[in-house]
Protein chains: 2
Amino acid sequence: MAQSDTVDRILDAAEELFAERGFSETSLRMITSKAKVNLAAVNYHFGSKNALIHAVFARFLTPFSATLDSAFDELEVRCEDHPPTLNSILWALTESAVRMPQRNEKGISIFMRLLGLAYTQSQGHLRRFLEQEYSQPFGRFMKLLKDATPELSAVDRYWRIQFMLGATAFTMSSSDALIDILENKLGVETTVQEIAARLVPFLAAGMKAPDKMLVFRAPASVA
Amino acid sequence: MAQSDTVDRILDAAEELFAERGFSETSLRMITSKAKVNLAAVNYHFGSKNALIHAVFARFLTPFSATLDSAFDELEVRCEDHPPTLNSILWALTESAVRMPQRNEKGISIFMRLLGLAYTQSQGHLRRFLEQEYSQPFGRFMKLLKDATPELSAVDRYWRIQFMLGATAFTMSSSDALIDILENKLGVETTVQEIAARLVPFLAAGMKAPDKMLVFRAPASVA
DNA sequence: CTGCGCTTCAAACGTATGTTTCAAACAGAC
DNA sequence: GTCTGTTTGAAACATACGTTTGAAGCGCAG
């Protein structure tokens with residue numbers, strides 16, 4: 001069982017280092033020395049650094065998208081004919097994320113941080129890989145959102161979904177740092193689950209907000 | 001006036017490249033060849049790549065923080081004794097951002113994208129630089145937000161502010177791409193100002209959302 | 001014109017990166 | 001034991017990076 005051992009050790013080390021340092025800032029030598037394998041092992045088993053990045057994502061994104069898919073199935077069954085509510089959709093999403101089998105205690109925050117990095121760091125190859133591998137669950141999520149917010153125009157919904165994605169990806173991608181800051185400032189300890197529990201109502205309220213401001217410059221009357 | 005020409009050309013090129021590629025992914029050689037100056041000019045005028053990054057931020061953040069400060073002054077004068085509302089604070093912020101003198105048509109989106117990168121890319125030196133240079137206007141903004149949302153606990157407010165920052169930085173940083181996608185999909189044209197007009201109500205509604213979910217696993221009852 | 005500070009330039013420096021090479025070690029089948 | 005295909009190992013490869021160097025160019029006071 002020599003191969004899978006080396007492969008897994010590389011994936012574990014890469015995942016952790018990518019999450020805490022980003023892709024470009026993590027070298028293969030850091031990864032191989034943390035994994036205690038030979039430098040050439042990465043190129044032997046994965047072919048290239050980019051392929052390793054893809055493998056790291058595939059390892060947690062494939063089971064996650066399966067979990068998510070069945071969570072959506074369950075949601076639609078439970079709702080029978082009427083479309084699932086916005087809150088229930090967002091909960092299904094976060095539940096699926098949080099329930100994923102974790103390799104260690106840092107699992108969920110690594111997971112989130114990697115997702116945030118995927119969106120944020122403009123790595124063209126990664127975006128292309130994710131789009132062609134995981135467009136199905138993403139499209140389904142969008143469809144559900146559409147049915148849950150029939151009162152929104154297509155344009156409004158488009159922008160508000162972007163706002164949601166932004167708040168989520170951004171917060172989660174720096175969740176560790178933000179948790180540390182909070183602990184230093186207010187002495188409060190937090191878990192990623194608690195962040196999610198605060199994020200969902202925020203997003204839901206934003207999606208259901210009243211119309212956009214019609215006039216841009218309205219300084220005197222708003223106060 | 002040879003110096004300032006070279007310096008500005010470097011800053012312009014660096015700003016644009018950093019915004020579209022990130023810091024580590026942008027080399028000094030890319031910057032100097034785009035700016036059409038000699039490679040050594042960066043180290044001559046700025047000292048190091050990190051110092052160049054600081055200079056790029058200082059060039060737009062210093063005037064912006066001044067504009068913002070006077071916008072907040074005006075806001076507090078207009079409100080006399082009672083604290084400014086959440087909406088008016090957010091409007092003062094976006095107005096200050098949008099009104100900033102732009103070097104070109106991409107100015108505002110570059111501005112936003114750089115702010116997002118500063119938060120996202122874990123460049124320790126940048127965070128340290130920004131914290132020690134611009135803690136005053138940031139602190140004032142936080143203070144205003146605090147007085148505008150007295151109903152929130154400190155912890156709730158902390159996280160919701162992070163969510164706001166995320167939605168804003170993320171959306172604005174990819175505003176060009178998002179505007180293009182929207183035009184291709186729905187045939188609707190948009191300006192950054194209109195995005196802001198949609199974003200502010202979203203953020204305000206999120207900040208004023210009802211409490212966080214108390215129980216994390218509440219699948220059956222929500223739907 | 002000469003001399004002096006500041007700026008530009010081409011070239012090189014040392015280091016770190018991703019990747020390749022090829023021999024050695026290994027495991028399992030015969 | 002010997003052969004065969006797979007995996008590991010140390011070393012080197014070519015390239016790209018940030019930075020430094022020292023000479024050349026420039027503008028301007030004397």
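The structure presented is a predicted model; accordingly, all values stated were derived computationally and were not measured.
- At distances below 3.5 Å, at least one donor-acceptor pair connects side-chain atoms of B:Tyr158 with backbone N or O atoms of A:Leu178.
- For the segment residues 32-42 of chain B, the set of residues with a heavy atom within less than 4.0 Å of an atom of DNA chain C comprises B:Asn38, B:Ala40, in numerical order.
- To the nearest angstrom, C1' of C:dT7 lies 12 Å from CG of B:Asp5.
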Dump every N/O contact between nucleotides 15-17 of chain C and the protein below 3.5 Å, one line per pair.
from: C:dT17; atom 1: OP1; to: A:Ser27; atom 2: OG; distance (Å): 3.2

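- The aromatic ring centroids of B:Phe163 and A:Phe202 lie less than 6.0 Å from each other.
- One atom, OH of B:Tyr44, and another, C1' of C:dA11, lie 19 Å apart when rounded to the nearest Å.
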Side-chain donor-acceptor contacts of residues 64-73 of chain A below 3.5 Å, not counting sequence neighbours, with atom names and distances?
from: A:Ser65; atom 1: OG; to: A:Thr62; atom 2: O; distance (Å): 3.2
from: A:Thr67; atom 1: OG1; to: A:Pro63; atom 2: O; distance (Å): 3.0
from: A:Asp69; atom 1: OD1; to: A:Arg140; atom 2: NH1; distance (Å): 3.1
from: A:Ser70; atom 1: OG; to: A:Ala66; atom 2: O; distance (Å): 3.3
from: A:Ser70; atom 1: OG; to: A:Thr67; atom 2: O; distance (Å): 3.0
from: A:Asp73; atom 1: OD1; to: A:Arg140; atom 2: NH1; distance (Å): 3.1
from: A:Asp73; atom 1: OD1; to: A:Arg140; atom 2: NH2; distance (Å): 2.8

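- Using a 4.0 Å cut-off between a side-chain N of Lys or Arg and a carboxylate O of Asp or Glu, B:Asp156 and B:Arg160 do not qualify as a salt bridge.
- At a threshold of 4.0 Å, the pair A:Arg113-A:Glu20 does not count as salt-bridged, since none of the basic side-chain nitrogens sits closer than that to a carboxylate oxygen.
- Inspection of the B:Thr171 and A:Gln162 side chains reveals no N or O donor paired with an N or O acceptor under 3.5 Å.
- Counting heavy-atom neighbours within 6.0 Å of A:Glu189 CD, excluding the residue itself, gives a total of 12 or less.
- Rounding to whole angstrom units, CZ of residue B:Phe46 and P of C:dT8 are separated by 11 Å.
- Salt bridge absent: A:Lys185 and A:Asp180 never bring a charged side-chain N and a carboxylate O closer than 4.0 Å.
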